[in-house]
Amino acid sequence: MTKEGATAPSALYDGALLQGDLFGERRLYAQVIVDVPAKQTNRPFDYIVPPQLQSWVAVGSRVGVPFGPRTLQGFVVGMSDRTSMDAGKLKPVEQVLDLVPPLNPELVDLARWMSRTYICHEITALQAMIPGALKAKYEKMIAFAGEETHSPAGETGRQAYMFARSPEEENIVAFVKQKGAVPAEALLRRFPDASLMLRNLLEQGILAEINSVKDRMNAKKVLYVEAAADRATMLEQAEKLGAGAKRQKELMVFFAGQPEPLPLAELTEKLNISAGSVKALAEKGWLSVQEREVYRDPYAGRQFAKTEPLPLTDQQRGAFVPISAALEEREHRVFLLHGVTGSGKTEVYLQSIQQCLDQGREAIVLVPEISLTPQMVERFKSRFGDAVAVMHSRLSQGERYDEWRKIGTKQVSVVIGARSAVFAPFTKLGLIIIDEEHEASYKQEESPKYHARDVAVQRASHQGAVVVLGSATPSLESYARTNERSADRSPFQLLTMEDRVEGRPLPAVHIVDLREELKEGNRSMFSRGLYKAIEERLHKKEQTVLLLNRRGYSTFVMCRSCGYVVQCPHCDISLTYHQVSRTMRCHYCGLSEPEPKKCPSCESEHIRYFGTGTQRVEEELGKLFPGIRVIRMDVDTTSEKGAHERLLTRFRNKQADVLLGTQMVAKGLDFPDVTLVGVIAADTVLHLPDFRAAEKTFQLLTQVAGRAGRHKLPGEVFIQTYTPDHYSIVTASHHDYASFLETELEMRRERGYPPYCDLVLITFSHEQVPMLVRAGESFAVRLKDKWKRSGAGPAPERGGLCGRGVDAPYFEVYGPVASPIPRIKDRYRFQCMVKYRGDIDVSGMIAEVAAAFDDTVRQEKLQIGIDVNPQVLM
DNA sequence: AGCACGCCGACT
DNA sequence: GTCGGCGTGCTC
């Protein structure tokens with residue numbers, strides 16, 4: 001309203017504002033992020049909130065809004081009573097999709113932070129926070145639009161045409177009219193050949209298209225039965241029933257003494273009565289049947305023996321006290337709990353959570369997906385009972401949604417789950433625990449490429465919550481931050497637990513030099529030491545875990561005549577032979593083709609299989625130890641739902657002697673009779689082109705070694721390797737994290753890698769190499785230019801990072817170079833790496849350069865993937 | 001992402 | 001002379 005308008009009386013009585021006021025209505029506008037992940041729509045759009053929806057719309061609501069010609073799902077990210085736009089141009093919010101907003105203002109802020117930090121569209125970040133069941137689904141509805149007689153005069157031609165509708169058209173109109181609105185898909189199913197007629201009817205305006213957001217939140221409904229009269233009446237009426245209605249009589253008597261409603265299913269089972277009897281009585285009006293929403297509880301009917309807090313050891317107490325104090329102060333703190341395997345970290349978690357709950361606050365527990373086993377869940381369910389919601393990928397979409405719903409409705413105060421559980425919509429968050437914080441699975445590989453650890457710290461800092469990062473082998477980034485010296489990042493507090501509970505010794509570790517074995521004439525994949533050890537375990541009826549971080553049968557297949565290696569035609573990677581299916585498979589694009597009988601290149605039949613995979617180890621075990629019972633666990637045997645747990649249960653029940661698998665056998669398993677762990681080839685990870693290769697090797701070896709001798713029986717570990725002197729292997733064999741850390745930090749410093757700098761990886765992919773090189777080079781130039789113009793100083797020389805002072809800002813773009821796997825699914829891949837240190841908004845700079853590339857992306861089908869790894873400086 | 005509006009080739 | 005190609009731009 002203008003100033004003049006405010007002083008002129010006539011204007012005061014004009015306009016929608018006043019009209020609204022007269023009817024006691026408030027003007028309310030919602031800022032909505034719509035479900036279109038594109039640069040141009042990556043901002044809020046304003047909508048009018050109609051009066052009847054005002055009490056339902058809040059920041060965090062999921063709404064259906066008209067957007068251009070269609071209706072889209074969107075999230076409300078702001079509410080206000082004014083708008084910067086001409087209010088006359090605004091459209092109204094059409095639908096509110098949930099009774100309770102699925103997000104809250106804090107999560108909406110977090111999404112904005114994520115979109116900036118990880119360079120993604122805001123809608124992508126918002127979508128990542130809600131369960132898949134709430135993902136938008138759109139539906140075209142056909143509705144009846146009005147009588148043709150309403151057409152204005154003068155359009156007689158049109159009318160005449162309309163009156164000439166065919167009987168089939170009449171049928172369609174009648175059908176739609178009767179139903180009110182019909183999904184277009186359903187209509188075409190009913191009238192399969194009607195698409196042309198439908199188009200005519202739509203053009204004539206007799207029918208209309210309505211786009212709406214289909215509501216996928218299907219709460220499960222169950223029928224409940226209860227008495228519809230008082231006890232006396234029920235008994236009285238029971239007597240009046242005929243002798244033939246024996247079941248009904250029974251039911252009446254039962255409900256006379258049953259004031260509470262009962263689920264129909266339970267009733268029919270308990271009283272051995274058919275639903276028909278209930279229906280008959282309901283029709284007579286003596287019973288009432290209602291629909292009730294229920295939760296699909298995947299743990300329904302399972303009894304969890306209640307456990308009480310265990311007395312803490314001195315060491316556990318040493319860790320618990322500072323956490324407890326921070327909780328008490330309601331202060332945001334991050335603790336790094338460095339505890340060797342078996343030191344009792346879980347009990348510290350449990351008691352910290354208990355304290356958090358006692359304060360009326362809520363807790364999130366993140367665990368790697370793979371260790372989200374029934375045993376793990378059981379420990380939490382046993383302590384906190386129904387206050388726990390469990391979220392993992394093995395749940396059906398509906399189950400997942402129901403668990404999640406319990407958070408919003410305050411039925412639970414603890415969530416345990418994998419990565420995405422960090423977004424649990426709690427409003428009084430007090431504690432976030434991240435178990436095995438070094439695990440790579442906390443990093444999401446698709447957009448938004450977030451790291452759950454970083455998101456957790458971000459969330460906690462806004463809520464005054466405590467974060468506990470637990471690990472036996474903390475990531476260098478986290479460990480470095482306990483020594484933080486930079487001004488703008490607060491340090492993590494280190495808590496250490498060095499001893500195993502009850503003083504159980506760490507297992508003895510033998511490093512086996514495979515070169516020596518070869519010299520001695522042992523060409524088998526098992527060293528003599530490991531062979532003997534397995535044999536011994538078979539005799540003693542103890543169990544063995546074998547780790548080989550490579551699935552399939554053999555890693556590559558080569559022709560010995562010409563040296564041809566069978567490769568994937570779509571990816572630059574050799575194919576792996578799978579014995580079970582007798583196929584060659586690509587582990588990157590999933591291609592599967594029959595094994596070659598002769599060399600595709602020279603037709604020779606001298607084809608040999610090189611490299612060992614889990615399938616081959618399994619076969620070999622069977623040959624060496626006839627009758628041995630082996631469970632193989634890798635992606636190929638655990639893809640089926642519940643297979644993972646089934647295999648572990650079998651092993652636990654001692655239905656197998658050996659558990660053989662890829663890294664998934666290394667994580668968090670705890671079997672009392674496992675006394676031997678064998679690592680078939682420790683170097684598989686070590687030589688990957690990854691600056692974290694040594695760290696990953698150390699972590700993997702330490703984790704898997706921790707699987708042996710966790711209970712009464714002492715454990716033994718064999719690590720087979722061709723590089724027995726490598727520091728990651730040597731230090732892992734001594735369970736010596738401190739020494740590993742020291743050496744690895746020195747390596748990182750020399751090479752200029754995290755935690756001495758932050759990294760961002762930018763990958764480009766395209767079907768043609770020239771395009772890719774041009775784009776990558778142009779990107780790098782523009783990025784360097786941006787840095788220069790920011791006036792932050794000259795880019796240092798290459799390698800200049802080494803030995804630089806702690807506070808010196810640094811920025812360098814490396815590349816573009818071909819990616820480690822130069823082609824996947826027929827697309828070539830190049831990458832640039834940005835190394836920097838200091839408080840530089842690199843994400844912002846990259847986002848701007850990427851935005852300038854948008855046209856290229858559209859026209860040339862160039863794909864730019866940006867992987868932001870905000871690391872920690874030392 | 002869709003969808004409309006807007007300037008240049010092969011057709012009634 | 002028109003129908004239609006997809007290049008640019010907008011969606012509260």
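All chains are named by letter (A, B, ...) in the order of the sequence lines, taking the proteins before the strands, and each is independently numbered beginning at 1.
Here side chain to side chain donor-acceptor pair (under 3.5 Å) pairs that include residues 71-88 of chain A, with residues two or more places apart or in two chains, are A:Asp46-A:Thr83, A:Thr71-A:Glu94. Every pair passing salt bridge (charged side-chain N to carboxylate O under 4.0 Å, His left out) that includes a residue from residues 114-131 of chain A is listed here, sequence neighbours excluded: A:Arg112-A:Glu122.
A:Asn42 places its CG atom 17 Å from the P atom of C:dC12, with the value rounded to the nearest Å. If you take CD1 of A:Ile33 and C1' of C:dT11, they are 14 Å apart, rounded to a whole angstrom. Between A:Lys39 atom NZ and C:dT8 atom P there is a gap of 13 Å when expressed in whole angstrom units. For the pair A:Tyr47 OH and C:dT11 P, the interatomic distance rounds to 10 Å; values are reported in whole Å. If you take CG of A:Asp46 and C1' of C:dT11, they are 13 Å apart, rounded to a whole angstrom. One interatomic measurement links the two molecules: NE2 of A:His121 to P of B:dA1, which rounds to 8 Å at whole-angstrom precision. Rounded to an integer number of Å, the gap from A:Arg43 CZ to C:dT11 C1' is 8 Å. The CD atom of A:Gln40 sits 8 Å away from the P atom of C:dC10 (whole-angstrom rounding).
Distances shorter than 4.0 Å separate none of the side-chain N or O atoms of A:Lys89 from OP1 or OP2 on C:dC12.
Residues forming a ring-ring contact (aromatic ring centres under 6.0 Å, His included) with A:Phe426 (at least two apart in sequence, or on another chain): none. Remark: A:Asp785 pairs with A:Arg789 by the side chain to side chain contact (heavy atoms under 4.5 Å, CB included) rule, at least two apart or across chains. Listed by chain and number, the residues in a side chain to side chain contact (heavy atoms under 4.5 Å, CB included) with A:Pro50 are A:Gln52, A:Leu53, A:Pro92, A:Val93 (sequence neighbours excluded).
Within 6.0 Å of atom NZ in A:Lys825, 12 or fewer heavy atoms from other residues, nucleotides or ligands are found, so the atom counts as exposed in its surroundings.
Contacts of A:Pro37 with the nucleic acid, taken as non-hydrogen atoms under 4.0 Å apart, involve only primed sugar atoms and P, OP1 or OP2.
Across residues 65-72 of chain A, A:Pro69, A:Arg70 each have a non-hydrogen atom less than 4.0 Å from an atom of DNA chain B (numbered order).
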